Amino acid sequence: MAAALLGARLVHERLGVPPRIGRIVEVEAYGGPDDRASHARAGATARTAVMFGPAGVAYVYLVYGMYHCLNVVCGPAGEAGAILIRAVEPVEGIEAMRDARSTRLAGRHRRGSGPSVGGRRRRDVPDQMLASGPGRLCDAFEVDVSFTGADLCARSSPLRLEPSPPGDRTPNPVWTPRVGISYAGEPWTSLPWRLIDQGSSSISTAVHHPRQLR
DNA sequence: GCAAGGATATCG
DNA sequence: GATATCCTTGCA
């Protein structure tokens, strides 16, 4: 399932905003209650109930009280499972992504920090960094918890998945351990359930910053 | 160039 | 009390 998503398109079409399209370059697989790294490890809660439902719908949650993360529910209804979409490479609607990110950042830092937040120009962020991480991706695509339960596989959905177009660059899939789950213990921390497209420059920064070893 | 610290909803 | 994160600041 994760392998099928690599290279596929994430599309958000919304009234008044140019369509935003990203090529999926990084995903992580999460299982059911057995998987100590999965949100489903405690069974179905108000937040995670959708993980136990039918496949192909969105599960969006908030991490650290601040960032959204987009998952695709997988497996048969009754069995929990999801694929976290960690990064996409912007393909279309790049300015809309940039705008969405600036807006969210401005709102987020309005509180608490001083008036000199605008010192660094957000226009300087390179295209390939706009959605190179699960939190960044949701900022750029304006995905929040209200999308939980939405069907990602219907052509008519504003937020949806589409197959990679013919002639698209072939992904170079590489499996690695998942990120930021040291609390789960072995064997879960070492299982290579994270899949990246090795050729992409939009992989999340977690790769390059071993700080994530936690 | 880093490392450190902060923001803060949801769960155990 | 910890977290499936990211950004800014402060110091080398």
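Numbered from 1 within each chain, the chains take letters A, B, ... in sequence-line order. A quick note: this is a predicted structure, and the numbers were derived from the prediction, not measured.
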Would you check if there is a donor-acceptor pair between the side chains of A:Q128 and A:S201 at a distance under 3.5 Å? no
How would you label the contact of A:R136 with the nucleic acid (heavy atoms, under 4.0 Å): base, sugar-phosphate, or nothing? sugar-phosphate
How would you label the contact of A:L84 with the nucleic acid (heavy atoms, under 4.0 Å): base, sugar-phosphate, or nothing? base
Starting from C1' on C:dA2, measure out to CZ on A:R47 and report it in whole angstrom. 12 Å
From CZ of A:R104 over to C1' of B:dA7, roughly how many Å is that when rounded to an integer? 15 Å
Any side-chain to backbone donor/acceptor pair from A:N172 onto A:Q198? Under 3.5 Å, distance only. no
Value in whole Å for how far the P atom of B:dC11 lies from OH of A:Y61: 13 Å
Is any side-chain N or O of A:R86 closer than 4.0 Å to OP1 or OP2 of C:dT5? yes
So, do A:I85 and A:L161 sit near enough that their side-chain heavy atoms are less than 4.5 Å apart? yes
Expressed in angstrom and rounded to an integer, what is the separation of A:R36 atom CZ from B:dC11 atom P? 16 Å
Between A:R98 and A:D127, is there a salt bridge with N-O shorter than 4.0 Å? yes
Looking at every strand, decide which applies to A:D139 at a 4.0 Å heavy-atom threshold: base, sugar-phosphate, or nothing. nothing
For A:Y64 and C:dT5, do the ring centres fall under 5.5 Å apart while the planes stay under 30° apart? yes
Expressed as a whole number of angstroms, how long is the span from A:Y67:OH to C:dT8:P? 8 Å
Considering only atom P, compute the distance from B:dG5 to C:dA12 and round it to an integer number of Å. 14 Å
C:dC7 C1' sits how many Å from A:H68 NE2, rounded? 16 Å
With the side chain of A:A42 defined as its heavy atoms from C-beta on, choose the nearest nucleotide among B:dG12, B:dA9, B:dA7. B:dG12
So what's B:dT8 paired with, Watson-Crick or G-U wobble, going by both distances under 3.5 Å? none
Whole-Å distance between C:dT5 P and A:M129 CE? 16 Å
Could you check whether A:E28 pairs with A:R86 (Lys NZ or Arg NE/NH1/NH2 to Asp/Glu carboxylate O, under 4.0 Å)? yes
For atom CG of A:D144 and atom P of B:dT8, their distance in whole Å: 17 Å
Closest to the A:R101 side chain: B:dT10, B:dA7, C:dC6? C:dC6
Closest to the A:T45 side chain, choosing from B:dA7, B:dG12, C:dC6: B:dG12
